[in-house]
Visitor: 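Supplied in C-alpha cells, the structure appears directly below.
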Amino acid sequence: MNPPDLGAIGAANNFADSTTAAVSSAINSAQDAAFSVTQRNAGSSTSISSNTTSKPASVGADWSFASREKGPSPLGSILFVALRAADVYLQYALVRYEILPRAIGYLPIGGHVIPHLSTPSTSILGLGLTPYHTLLTTFAVTAALKQIIWQLFISEQKMPATFALIVASFNTFFNTVNTLLSLHSWTSPASGASALPIGTLLFFVGIGVELVSEIQRKIFKADKKNAGKPYGGGLWAYATNINYGGYTLWRAGPKHGQILSRQVWKGLGEDKG
C-alpha cells in the first residue's frame with residue numbers, strides 16, 4: 001500500500017490546532033481591546049460626563065465587555081458547568097457507539113479508523129471502551145473538570161450566558177475534532193510507537209501548568225496588599241502568559257505527540273511507514 005500524501009496528513013493533523021489558535025487569539029484580542037477601552041474611559045478627565053465613560057448601549061450587551069467585569073453570574077456559571085459536563089458524555093458516546101469511527105469512512109481525505117487496541121474483555125470500569133478509547137474519554141473528563149474548577153473557584157469575572165454558550169460550544173467542537181483525529185489512521189497518536197505516551201505527558205503537564213498558574217495568581221490577588229499589582233512569581237516568572245502556554249500544551253499535545261514521535265524515529269533512521 002502506498003504511503004499517504006504527507007501534505008494531506010499535515011493538513012488534517014493541524015486543522016484543529018491552527019483554527020483553535022486563531023479563534024482563541026481573536027477572542028482574547030477582543031476582550032483585551034474592550035478592557036483597554038473601558039480602562040481609558042474610567043481614567044478620563046473628570047470634566048467628561050459620567051455618561052461618556054459608560055459603555056455604549058449598542059456595545060453594552062456584548063459579552064466581551066461583560067466578561068471583563070467582576071462579579072457573580074449564576075445563570076452563566078450554571079450553563080457553562082452543565083455544557084462542559086455534557087461534553088464529557090458526548091465524547092464518550094462518540095466512541096462508545098462508534099459514531100465517529102463510522103464517520104471516518106465518509107471523509108474525502110481517505111484513510112481509515114484505527115483498529116481496536118483491545119478486546120471487550122479489557123474494558124475498563126465497565127464503560128465498554130478499550131484502554132485507548134478510555135484514555136480519550138479521560139482527556140475530556142480532565143479538561144472539563146479543570147474548566148469547571150476554574151469557573152467555580154478561581155475566576156472572579158462574570159460569565160454571561162452568551163459567553164458561557166460560546167466558550168462551551170468552542171470546546172465541544174474542537175474536542176470532537178480532536179477525538180476524530182485521534183481515531184483516524186493518519187493522525188492518531190496510537191499509530192506511533194512512542195507518540196501516545198509523549199502526547200499523554202504533554203496533555204497532563206499542560207493542564208497542570210494552566211491550573212497551578214491560575215491558582216497561584218488567584219492567591220496573590222486575594223491579598224489586599226497586592227491590589228493593582230501584576231503577578232510575576234511562581235510559574236509566571238517563566239512566561240508572561242504561562243497559563244496560555246499550558247492551555248496550548250494540553251489542547252495540542254495528544255496529536256502533536258505523534259508528530260514529535262515521528263521526528264524522533266526519523267532522526268534515528270527508522271522508517272515507520
Side-chain angles (χ1 to χ4, degrees), residues 13-14 16-17 20-21 23-25 27-28 31 77 80-81 83-92 124-125 127 129 131-157 159 167-168 170-179 181-182 188-190 192 194-223 226 230-261 263-264:
N13 205 35
N14 292 316
D17 295 334
T20 299
V23 177
S24 296
S25 177
I27 291 176
N28 289 329
Q31 291 178 318
S77 295
F80 181 77
V81 171
L83 290 175
R84 293 302 294 122
D87 178 63
V88 172
Y89 179 76
L90 173 64
Q91 302 308 317
Y92 163 76
I124 299 176
L125 300 177
L127 296 175
L129 301 176
Y132 176 64
H133 293 159
T134 301
L135 180 61
L136 296 182
T137 304
T138 300
F139 289 159
V141 171
T142 306
L145 183 60
K146 183 270 162 190
Q147 292 177 333
I148 289 173
I149 290 174
W150 174 83
Q151 176 57 31
L152 295 180
F153 304 107
I154 299 177
S155 177
E156 297 179 349
Q157 297 171 341
M159 174 69 80
V167 175
F170 172 86
N171 278 278
T172 294
F173 174 76
F174 284 103
N175 284 346
T176 301
V177 171
N178 283 333
T179 301
L181 294 176
S182 296
S188 172
S194 58
L196 188 56
I198 291 176
T200 301
L201 177 63
L202 290 175
F203 175 87
F204 285 106
V205 168
I207 212 162
V209 166
E210 185 184 21
L211 180 59
V212 170
S213 65
E214 289 171 344
I215 292 175
Q216 289 176 333
R217 182 174 60 180
K218 170 77 172 180
I219 295 174
F220 175 82
K221 290 186 174 294
D223 189 339
N226 299 322
Y231 179 55
L235 293 175
W236 296 84
Y238 298 97
T240 302
N241 294 308
I242 188 68
N243 55 334
Y244 292 162
Y247 173 83
T248 301
L249 278 181
W250 74 256
R251 172 60 72 185
K255 287 194 296 82
H256 281 193
Q258 182 195 23
I259 297 175
L260 180 59
S261 173
Q263 294 303 316
V264 169

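Index from 1, following the sequence. Computed from a prediction, not measured in an experiment: that's the story for all the values here.
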Visitor: Which value, rounded to the nearest 0.5 Å, describes the distance between Q147 atom CD and Y247 atom OH?
Guide: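 It comes to 7.0 Å.
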Visitor: Is a side-chain donor-acceptor pair under 3.5 Å present for D87 with N175?
Guide: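 A donor-acceptor contact under 3.5 Å links the two side chains.
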Visitor: Ignoring hydrogens and angles, tell me if any N or O in the side chain of N226 forms a donor-acceptor pair with the backbone of A222 under 3.5 Å.
Guide: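 Flag not set: sc N226 to bb A222 has no pair under 3.5 Å.
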Visitor: Return the set of residues passing salt bridge (charged side-chain N to carboxylate O under 4.0 Å, His left out) with K218 (not counting sequence neighbours), or none when no residue passes.
Guide: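 In terms of salt bridge (charged side-chain N to carboxylate O under 4.0 Å, His left out), with neighbours along the sequence ignored, K218 is linked to E156.
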Visitor: Could you report the tightest heavy-atom contact between S182 and L136, atom names first, then the distance?
Guide: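 Taking every non-hydrogen atom into account, CB-CD2, 3.7 Å.
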Visitor: Considering all heavy atoms of both residues, which atom of W236 and which atom of S213 are nearest to each other, and what is their separation?
Guide: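 Scanning both residues, the minimum pair turns out to be NE1-O, 2.7 Å.
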Visitor: Using side-chain contact (heavy atoms from CB on, under 4.5 Å) as the criterion, list what pairs up with A140, not counting sequence neighbours.
Guide: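 Counting only residues at least two positions away or on another chain, A140 forms a side-chain contact (heavy atoms from CB on, under 4.5 Å) with Q91.
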Visitor: With the threshold set at 4.0 Å, does a side-chain nitrogen-carboxylate oxygen contact exist between E214 and K146?
Guide: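 Looking at K146 together with E214, the answer is yes, because their closest N to O distance falls below 4.0 Å.
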Visitor: Listed by chain and number, what are the side-chain contact (heavy atoms from CB on, under 4.5 Å) partners of L135, not counting sequence neighbours?
Guide: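 If we apply the side-chain contact (heavy atoms from CB on, under 4.5 Å) test to L135, skipping adjacent residues, the hits are F139, L196, T200.
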Visitor: Which heavy-atom pair separates F204 from T142 by the least distance, and what is that distance?
Guide: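 Closest approach of F204 to T142: CE2-OG1, 3.9 Å.
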Visitor: Test your reading of the model: is there a side-chain donor-acceptor pair from Q216 to the backbone of L235, 3.5 Å cut-off?
Guide: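 Yes, because the side chain of Q216 sits within donor-acceptor range (under 3.5 Å) of the backbone of L235.
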Visitor: Kindly indicate whether the side chain of L129, heavy atoms from C-beta on, has any atom under 4.5 Å from the side chain of Y92.
Guide: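 A side-chain contact under 4.5 Å exists here.
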Visitor: For the atom pair OG1 (T134) and CG (L127), what is the distance rounded to the nearest 0.5 Å?
Guide: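 Interatomic distance, T134 OG1 to L127 CG, rounded to 0.5 Å: 6.0 Å.
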Visitor: How many angstroms lie between atom CZ of R251 and atom CG of N178, to the nearest 0.5 angstrom?
Guide: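 Separation between the atoms: 5.5 Å.
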Visitor: At what distance, to the nearest 0.5 angstrom, does CZ of F80 lie from CE of M159?
Guide: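 Between atom CZ of F80 and atom CE of M159 there are 5.0 Å.
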Visitor: For the CD1 atom of I154 and the CD1 atom of I148, what is their distance to the nearest 0.5 Å?
Guide: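 Reported to 0.5 Å precision, the distance equals 12.5 Å.
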Visitor: Nearest 0.5 Å please: distance from the CG atom of L90 over to the OG1 atom of T137.
Guide: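 That separation rounds to 10.5 Å.
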